[in-house]
Amino acid sequence: FHSPDNQILETLILESGLSLSVVYPPDQQSFMSELDSQVPTAFDPFADANAEDSGAGTKEYVHIRVQQRNGRKSLTTVQGLKKEYSYSKILKDLKKEFCCNGTVVQDSELGQVIQLQGDQRKNVSTFLVQAGLVKKDNIKIHGF
């Protein structure tokens, strides 16, 4: 709106809830239209992550995660192997190879998940690639 001395006062309310008031002298009214064209649109930092999740159905990934238990104890989970594989045989070979204990857990959402004691992320990924069960591009390693 116009103030008594013919200055233009514009109030912008930003997405963060802050308001920004700008006062323009009468001779810079054309500058206001330039400012409006330079205001950036809203940036969504999670747009890439959402796009990546939508493509997850086309390419099957094997997720290898580590979970911290108490103290120095940790747990490695392997999720996303093909259903036609024998999870118990894979688990038996993993346990024998890495000298650790483990189990196969049935999850309602994720299906069967292999759990191993300790941080075995790199060991499991190299084992699955060398055994020919999974390609290196289809493995995602998560964790700290």
Side-chain angles (χ1 to χ4, degrees), residues 1-3 7-25 27-144:
F1 71 89
H2 294 277
S3 63
Q7 292 183 344
I8 298 174
L9 175 67
E10 182 178 343
T11 302
L12 300 173
I13 299 177
L14 305 176
E15 288 183 17
S16 62
L18 300 174
S19 62
L20 174 70
S21 297
V22 182
V23 178
Y24 302 106
D27 59 341
Q28 290 189 356
Q29 291 180 5
S30 63
F31 178 73
M32 185 174 70
S33 61
E34 293 173 16
L35 180 69
D36 289 339
S37 65
Q38 293 177 358
V39 173
T41 58
F43 174 70
D44 185 13
F46 299 108
D48 294 339
N50 292 339
E52 183 179 311
D53 288 344
S54 64
T58 59
K59 193 172 186 181
E60 293 296 321
Y61 287 107
V62 174
H63 298 275
I64 302 173
R65 295 182 171 90
V66 66
Q67 296 175 349
Q68 191 68 34
R69 292 190 331 131
N70 45 358
R72 294 175 54 191
K73 309 287 185 183
S74 59
L75 186 71
T76 302
T77 60
V78 182
Q79 169 216 334
L81 290 172
K82 293 183 181 176
K83 294 185 183 354
E84 56 263 14
Y85 292 149
S86 172
Y87 281 74
S88 59
K89 290 184 179 180
I90 294 172
L91 175 65
K92 182 180 176 183
D93 291 338
L94 288 170
K95 286 166 53 172
K96 192 170 189 177
E97 183 78 22
F98 307 137
C99 300
C100 65
N101 201 1
T103 186
V104 177
V105 176
Q106 182 65 37
D107 189 77
S108 59
E109 294 178 7
L110 306 174
Q112 290 186 325
V113 177
I114 296 176
Q115 290 183 344
L116 295 170
Q117 288 181 348
D119 187 1
Q120 308 287 348
R121 289 175 292 176
K122 291 182 181 175
N123 296 336
V124 170
S125 66
T126 55
F127 178 85
L128 293 175
V129 170
Q130 287 177 351
L133 299 174
V134 183
K135 294 180 182 157
K136 188 166 181 65
D137 298 338
N138 293 356
I139 294 179
K140 290 203 172 195
I141 299 178
H142 306 277
F144 42 79

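All residue numbers in this chain count up from 1 along the given sequence. Note that the structure is a prediction, hence the values are computed from the model and not measured.
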Is there a side chain to side chain contact (heavy atoms under 4.5 Å, CB included) between L133 and I90 once you walk through the steps? CA-CA 10 Å; L133 299 174; I90 294 172; 3.9 Å; yes

Enumerate donor-acceptor pairs with a distance under 3.5 Å from any side-chain N or O in residues 110-118 to protein atoms, sequence neighbours excluded.
none

Say you draw a straight line from CD of Q130 to CD of E97; how long is it, rounded to the nearest 0.5 Å? 8.0 Å

Salt bridge present between R121 and D119 (N-O < 4.0 angstrom): yes

Please check if atom CD in E84 has more than 12 non-hydrogen atoms from other residues, nucleotides or ligands closer than 6.0 Å. yes

For residues 62-108, which residue pairs pass the ring pair (Phe, Tyr, Trp, His ring centres under 6.0 Å) check, not counting sequence neighbours? H63-H142

When you compare the side chain of V129 with that of V134, does any pair of heavy atoms fall below 4.5 Å? no

Enter the distance from C99:SG to L94:CG here, rounded to the nearest 0.5 Å. 12.0 Å

What are the two closest heavy atoms between Y61 and D137, and how far apart are they? CE2-O, 3.7 Å

Closest contact, heavy atoms only, V66 versus S74: CG2-CB, 4.0 Å

Can you spot which of L128, N138, I141 makes a side-chain contact (heavy atoms from CB on, under 4.5 Å) with V62? L128

